[in-house]
Amino acid sequence: MKYTSVTEGEFVCRNNRFTAEVLIGGVQETVHVKNTGRMKELLFPGARVTLTYSDNPNRKTKYDLISVYKASLGWVNIDSQAPNKVVGEWLAGRDYIFIKPEYKYGDSRLDFYMEKQNEKYLMEVKGCTLEIDGIGYFPDAPSERAVRHLHELMHAAKQGYHCILAFVIAMPGVTVVRPNMTTHPAFGQALSEAHKAGVDVWYLTCEITADSIKAAELYKA
């Protein structure tokens with residue numbers, strides 16, 4: 001996945017979950033943040049960031065903030081839409097004979113439904129941008145939606161589906177993700193229950209530059 005119309009800037013401050021102030025060419029701009037997570041360890045004054053430019057006259061902001069440079073890691077992609085696109089590209093290169101994104105199951109829409117060799121698969125994708133001492137953690141803010149998705153996968157596993165929770169690790173040098181028990185212990189409990197119920201947990205590492213992200217290696221719990 002490669003972005004176009006990319007420019008660098010210097011992070012100033014976050015206004016709310018959706019917008020921030022960034023210096024671009026010495027001019028302060030209000031920009032759209034493509035991730036509603038907290039990301040306090042990434043988005044601090046002076047941080048290097050990259051943004052994409054839009055000339056859509058109907059938009060309130062001209063730029064989308066897509067990545068942040070972390071000195072101990074490199075570029076971290078914070079675009080919340082990127083993980084599904086990365087997985088979609090990656091799945092297309094595998095041996096599945098049918099792939100359907102945004103699959104309705106139960107009371108949720110799971111990210112992917114796949115088929116191969118008369119077997120059915122369901123996959124939910126979560127992006128990870130929080131790193132502490134070389135380990136990824138999810139979520140960085142409470143996510144009841146993520147807990148609900150795990151319960152849907154557990155139910156589907158009982159119905160004979162091969163179920164997968166795939167963490168897309170949107171930063172270099174990290175190969176495993178653990179539940180963030182401090183932020184959302186309910187997710188950690190649900191993840192443990194899901195694993196015991198037969199839900200596979202995958203860690204998909206990525207190659208990341210200032211203007212691109214693509215799947216690299218797959219690790220399994």
Can you check whether [Y]'s main-chain N or O pairs, donor with acceptor, with [X]'s side chain at less than 3.5 Å?
X	Y	result
Lys196	Gly198	no
Asp140	Met39	yes
Glu10	Ile24	no
Ser54	Asn56	yes
Glu89	Met1	yes

Between [X] and [Y], is there a side-chain N and carboxylate O pair less than 4.0 Å apart?
X	Y	result
Asp111	Lys100	no
Lys70	Glu41	no
Lys62	Glu29	yes

- prompt: Taking only residues at least two apart or on different chains, which pairs with a member in residues 202-221 satisfy salt bridge (charged side-chain N to carboxylate O under 4.0 Å, His left out)?
  reply: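 Counting only pairs at least two positions apart or across chains, the salt bridge (charged side-chain N to carboxylate O under 4.0 Å, His left out) contacts touching residues 202-221 are Lys2-Asp211, Glu207-Lys214.
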
When rounded to the nearest 0.5 angstrom, what is the spacing between [atom1] in [X] and [atom2] in [Y]?
X	Y	atom1	atom2	result
Asp64	Ser5	CG	OG	11.0 Å
Arg14	Arg38	CZ	CZ	10.5 Å
Asp200	Cys163	CG	SG	8.5 Å
Thr205	Ile169	OG1	CD1	6.5 Å

- prompt: Do the non-hydrogen side-chain atoms of Leu153 and Leu122 ever get within less than 4.5 Å of each other?
  reply: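 The answer is yes; the side chains approach within 4.5 Å.
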
task: Report yes if the side chains of Thr50 and Thr7 come closer than 4.5 Å at any heavy-atom pair, otherwise no.
output: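 Contact flag for Thr50/Thr7 side chains = no.
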
- request: Among Arg148, Arg109, Glu152, His149, find the one that has a side-chain contact (heavy atoms from CB on, under 4.5 Å) with Glu124.
  value: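 Answer to the side-chain contact (heavy atoms from CB on, under 4.5 Å) test with Glu124 among Arg148, Arg109, Glu152, His149: His149.
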
query: Parallel, tilted or perpendicular: which fits the ring planes of His162 and Tyr121, with parallel below 30° and perpendicular above 60°?
result: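 Aromatic pair His162/Tyr121 classed parallel.
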
task: Anything under 30° is parallel, anything over 60° is perpendicular, the rest tilted; go ahead and classify His155 against Tyr105.
output: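 Answer is tilted, since the angle falls between 30° and 60°.
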
- prompt: Does NZ or CZ of Lys116 lie under 6.0 Å from the centre of the six-membered ring of Tyr96, at an angle within 45° of the ring axis?
  reply: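 Output yes; distance and angle both within limits.
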
Using the rule that two of Ile, Leu, Val, Met, Phe, Trp, Tyr join whenever any of their side-chain heavy atoms come within less than 4.5 Å, decide whether [X] and [Y] are in one cluster.
X	Y	value
Val201	Met154	yes
Ile164	Ile97	no
Tyr203	Met171	yes
Leu130	Tyr219	yes
Val76	Leu204	no

field: Check: Ser143/Arg145 side-chain N/O donor and acceptor closer than 3.5 Å
entry: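 No, no side-chain donor-acceptor pair sits under 3.5 Å.
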
task: Decide whether Tyr3 and Asp79 meet the rule of one side-chain donor and one side-chain acceptor closer than 3.5 Å.
output: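 Side chains of Tyr3 and Asp79: pair found under 3.5 Å.
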
- prompt: Under a single-linkage rule joining Ile, Leu, Val, Met, Phe, Trp and Tyr whose side-chain heavy atoms are separated by less than 4.5 Å, which residues share a cluster with Leu23?
  reply: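 Once heavy-atom contacts under 4.5 Å are chained together, Leu23 belongs with Val12.
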
field: Minimal non-hydrogen separation, Val87 against Phe112, with atom names
entry: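 The answer is CG1-CE1, 3.6 Å.
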
message: Taking the ring of Phe138 and the ring of Phe187, is the distance between their centroids below 6.0 Å?
response: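 Yes, the ring of Phe187 comes within the 6.0 Å limit of the ring of Phe138, centre to centre.
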
field: With sequence neighbours excluded, residues passing side-chain hydrogen bond (donor to acceptor under 3.5 Å, both in side chains) with Asn16
entry: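 By the side-chain hydrogen bond (donor to acceptor under 3.5 Å, both in side chains) rule, Asn16 matches Thr19.
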
